[in-house]
Amino acid sequence: MTAELVRGQNHPLSRSRVEIRVSAGTPVLALAQLGDEAGRLAGPGAVAHPGARTVPGLEVPGAASGQHRIAVDLDAVAPAVHRVGFVLVLPPGGPGHFGAVPASYVCVADPEGAELAGYTLTGLESETAVVALELYRRQGAWKVRAVGQGYADGLGALLADAGLTAPAAAELAAGALGTAPAGDITLAVMPGGPPPTVPRGLRAPAPQGVPPSAVPTPPEPLPVSGAPYAGTPGTDTPSSPPTISYAHPRRRTSTEPPEPAPRPAAPPRPGEPPRPVAGDAGGWSMEERLYNQVWGMFEDLARSVAAYRGAVEFADSRMDRELDEALSDPRHRLGGSANIARDAARTHREELVARAQEALDRDLVQLAAESEVVEPALPAAYARWDNPVWQAHSVPAEAPLALRLGDLHLPEQPGLRIPMLVRVPLERGLWIDNGRTGSEAAMAMDTDRLRRAAMDMAVAYAGRMLAVHPAHRFAVHVIDAAGAGAASLAPLVRAGVLAGAPAAGAAGVTETLERLTRRVDLVQMAVRAGAPEDLPPDVDTSDQLLIVHDFPHGFDDRAVTRLRYLADEGPAVGVHLLMVADRDEASAYGPLLDPLWRSLMRLSPVPDNHLADPWVHHAWIFEPDLPPQGSRVLDQALERVAAARGGAR
């Protein structure tokens, strides 16, 4: 049976030799692009087009036609290639856009001719080039995904979005379109009758796959030193003074060899899904591979649930259409034919939903198995507080790549939790909302309990950051103007790991903000002048975290202006903001604070679905990761930080 895919849905492939078939209502060019795990092209040679038809594993047609067949040998694809995308392009002189022609149909078939999965490209309008579907490698096995991502600006925009520079994309597009002969004008007939109407509520994701905060990036030639300002290797000369860099210190230079890849799992038995392996993703270190694997799991869960929801919506709309058509015929209003039509429509709907549920269940089982092997392998920066890795943790010599804030899950599978990781240094500040109007869960809590939970969450974040950074390379400042957060702050104060006593009162607020503002100004001037050696000796060059509790208590207009300045300018030079506040209480300042709130990532101290995903329109449920009740894991981690600082003196 052919799997009828909707946009975003995937389907496993049981063989490595397949055939891509295209049936279009107008002559189109068929291209193929080979990408890495993020879908990025290595260069123009990674694209097969009429001017250069062959890449390892496949050969595309050289002419425009209404029908194409492309034989693909996935065993011949290079190991660095993780995505093979198939692109349809309207040739010059043809219809102006895909919205003006019948919907195209693409499918994957086995060598014997049986279709494995098909996809109808509906919902296109002004697009002239479209990524129809892609074959992608996941856990050592291949899958097919319906993409349907179109580009109104044509093939050049599509290639540029896939990673080519604008000049290279324009040159390749011109060559591909200019060398393509007109071909045989053959209009294909869509198999199985007219194409179904796919609901347009599910929009296609961009080829990048995830929101910018969640997309893994390839290694860059950045400093490997743990110092917060050190010249990038190979760039400092007598005529060019060293520059200050707050880029991530763990990113390796391109000349360094990667760490060994994890040992592959034993091959699965026939009919079994591939067995997951922790660290089975791209990257130059195990930490980076695990980071990329976690976000791959996030992407897979998002796509699978989006495909399921889209399929259910499609089944509902199709049932409504069939019922309307049946009941609009006067002949069905007499006798039992109307009931037969209703039953048939509902049965068809149940069959479609059951197939969608079967595909979702299959993906969820695989993701759950992957989570079971990935979660225990996570380093401390990524791990839950109840992970045994914290028992043997020691203060590291290098800063982490990312930090865990909590877990994300969806209602379809509440037990499947994906770690929510953010890159460090933090590009955006964090705002922990301690107001009761933020969500239904917050409204159900007592005000004092909610405020305590929000501050406990901030302290847990600060403790994690201190524990996973080198000694003396991360400092935490606290503004607690009214002293209301003393109980939550006790672990930090008791361990002696704060940069100073929590600032209290208006005077304490002013002094702390002045000191951090001066640091930002001086470092910015040193960056512009290229003279980090001229910084005053009292300037702490380590990364700084400022926790502001009970805002706006103790703040006047000047202090609010400085706080906004730190939020805007601080992250670039190593000063990061963590607010614990009720936005409603801060509304007295009016629109003055709107830019501040927009620049921060809002988090909730209670489980809440406030994290909207513009990619697939999910509302992700976020749960913060906190130390278990009664556990000393946070105290022990802070004690190790204090001991490491004492030993480093």
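Nearest heavy-atom pair across Ala103 and Thr122 is CB-CG2, 4.1 Å. The two residues Val89 and Leu155 have their closest heavy-atom pair at CG2-CD1, 4.0 Å. Pairing each heavy atom of Gly156 with each of Ala173, the nearest pair is N-CB, 3.7 Å. Nearest approach of Lys143 to Pro12, heavy atoms of both residues: CG-CA, 4.0 Å. When all heavy atoms of Asn10 and Ser304 are compared, the closest pair comes out as ND2-OG, 3.8 Å. Considering every non-hydrogen atom in both Tyr461 and Pro624, the closest pair reads OH-CB, 4.3 Å.
Note that CZ of Phe98 is 5.5 Å distant from OG of Ser104, once rounded to the nearest 0.5 Å. Rounding to the nearest 0.5 Å places CD of Glu19 at 10.0 Å from CD of Glu115. The distance from atom CE of Met457 to atom CG of Leu430, rounded to the nearest 0.5 Å, is 8.0 Å. Annotation: the span from Leu408 atom CG to Ile621 atom CD1 amounts to 10.0 Å, rounded to 0.5 Å. In this structure, CD1 in Ile418 is found 8.5 Å from CZ in Phe298, a value given to the nearest 0.5 Å. In this structure, Leu13 CG and Leu74 CG are separated by 7.0 Å, a value rounded to the nearest 0.5 Å.
Under a 3.5 Å cut-off, the side chain of Arg464 and the backbone N or O of Leu405 do not form any donor-acceptor pair. Looking only at distances, a side-chain donor or acceptor of His97 sits under 3.5 Å from a matching main-chain atom of Glu125. The closest donor-acceptor contact from the side chain of Ser604 to the backbone of Pro607 lies at 3.5 Å or more, if one exists at all. For the pair Ser317 (side chain) and Glu313 (backbone), a donor-acceptor distance under 3.5 Å is present. In this structure, the side chain of Ser65 engages the main chain of Gln67 through a donor-acceptor pair within 3.5 Å.
For the residue pair His11 and Arg145, no side-chain donor N or O sits within less than 3.5 Å of a side-chain acceptor on the partner. Counting only N and O atoms by type, the side chains of Tyr308 and Gln357 include a donor and acceptor under 3.5 Å apart. Between Glu322 and His348, the side chains place a donor N or O and an acceptor N or O closer than 3.5 Å (distance only, hydrogens not considered).
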Exercise for the section: Could you please spell out the steps behind the side chain to side chain donor-acceptor pair (under 3.5 Å) verdict for Asp75 and Ser16? Expected result: CA-CA 6 Å; Asp75 289 337; Ser16 60; 2.9 Å; yes

Exercise for the section: Applying side-chain contact (heavy atoms from CB on, under 4.5 Å), run through Trp295 and Leu421 and close with a yes or a no. Expected result: CA-CA 8 Å; Trp295 282 107; Leu421 305 179; 3.8 Å; yes

Handout entry: Chi angles and distances behind the salt bridge (charged side-chain N to carboxylate O under 4.0 Å, His left out) call for Asp300, Arg138
Key = CA-CA 10 Å; Asp300 280 356; Arg138 186 77 173 124; 2.5 Å; yes

Exercise for the section: Assess whether side chain to side chain donor-acceptor pair (under 3.5 Å) is satisfied between Glu127 and Gln149, documenting all intermediate values. Expected result: CA-CA 9 Å; Glu127 297 87 345; Gln149 175 67 50; over 6 Å; no

Practice task
Any chance you could lay out the side-chain contact (heavy atoms from CB on, under 4.5 Å) test for Trp431 and Leu603, step after step, and finish with the verdict?
Solution key: CA-CA 6 Å; Trp431 163 37; Leu603 299 172; over 6 Å; no

Exercise for the section: Evaluate the side-chain contact (heavy atoms from CB on, under 4.5 Å) criterion for residues Arg404 and Trp385: first the C-alpha distance (whole Å), next the side-chain angles of each, then the deciding distance (0.1 Å), finally the verdict. Expected result: CA-CA 10 Å; Arg404 185 175 192 151; Trp385 282 108; over 6 Å; no

Handout entry: side-chain contact (heavy atoms from CB on, under 4.5 Å) assessment of Tyr105 paired with Tyr119
Key = CA-CA 6 Å; Tyr105 176 80; Tyr119 170 47; 6.0 Å; no

Practice task
Output, in order, the C-alpha distance, side-chain angles, deciding distance and verdict of side chain to side chain donor-acceptor pair (under 3.5 Å) for Arg309 and His618.
Solution key: CA-CA 10 Å; Arg309 293 178 179 178; His618 293 334; 3.0 Å; yes

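Residues His49 and Leu172 are in side-chain contact: their nearest non-hydrogen atoms beyond the backbone lie under 4.5 Å apart. In this structure, the side chains of Val130 and Leu124 come closer than 4.5 Å at one or more pairs of heavy atoms. The closest side-chain heavy-atom distance from Leu5 to Leu133 is not below 4.5 Å. Residues Val424 and Leu401 are not in side-chain contact: their nearest non-hydrogen atoms beyond the backbone lie 4.5 Å or more apart. Looking at Trp620 and Leu410, their side chains come closer than 4.5 Å, going by heavy atoms from C-beta outward. Side chains of His68 and Leu29 form no contact here, defined as non-hydrogen atoms less than 4.5 Å apart. Between Ser371 and Leu416, the closest side-chain pair of non-hydrogen atoms falls below 4.5 Å. At least one side-chain heavy atom of Pro44 sits less than 4.5 Å from a side-chain heavy atom of Leu164.
Taking 4.0 Å as the cut-off between side-chain N and carboxylate O, Arg417 and Glu375 do not count as a salt-bridged pair. Salt bridge annotation for Glu351-Arg346: absent, with no cationic side-chain nitrogen under 4.0 angstrom from a carboxylate oxygen. Asp316 and Arg349 are joined by a salt bridge, as a carboxylate oxygen and a charged side-chain nitrogen come within less than 4.0 angstrom of each other. Ion pairing of Arg83 with Glu299 is present here, as a side-chain N (NZ or NE/NH1/NH2) and a carboxylate O approach within less than 4.0 Å. With salt bridges taken as basic N to acidic carboxylate O contacts below 4.0 Å, none links Asp363 and Arg303. Arg17 and Asp110 are not joined by a salt bridge, as no carboxylate oxygen comes within less than 4.0 angstrom of a charged side-chain nitrogen.
Cation-pi geometry between Arg602 and Phe622 is not satisfied (NZ or CZ under 6.0 Å from the ring centre, within 45° of the ring normal).
Taking the salt bridge (Lys or Arg N to Asp or Glu O under 4.0 Å) definition, one finds that Arg362 meets it with nothing, sequence neighbours left out. Taking Pro79 as the reference, nothing meets the side chain to side chain contact (heavy atoms under 4.5 Å, CB included) condition, with sequence neighbours excluded.
Applying the 6.0 Å contact sphere to CD of Glu59 captures more than 12 heavy atoms from other residues, nucleotides or ligands. Enclosure of atom CG in Asp153 is not indicated, since only 12 or fewer non-hydrogen atoms of other residues, nucleotides or ligands lie within 6.0 angstrom. Remark: Arg15 CZ is packed, more than 12 non-hydrogen atoms of other residues, nucleotides or ligands lying under 6.0 Å away.
Of the listed residues (Leu58, Val72, Val144), just one forms a side-chain contact (heavy atoms from CB on, under 4.5 Å) with Ile20, and that residue is Val72.
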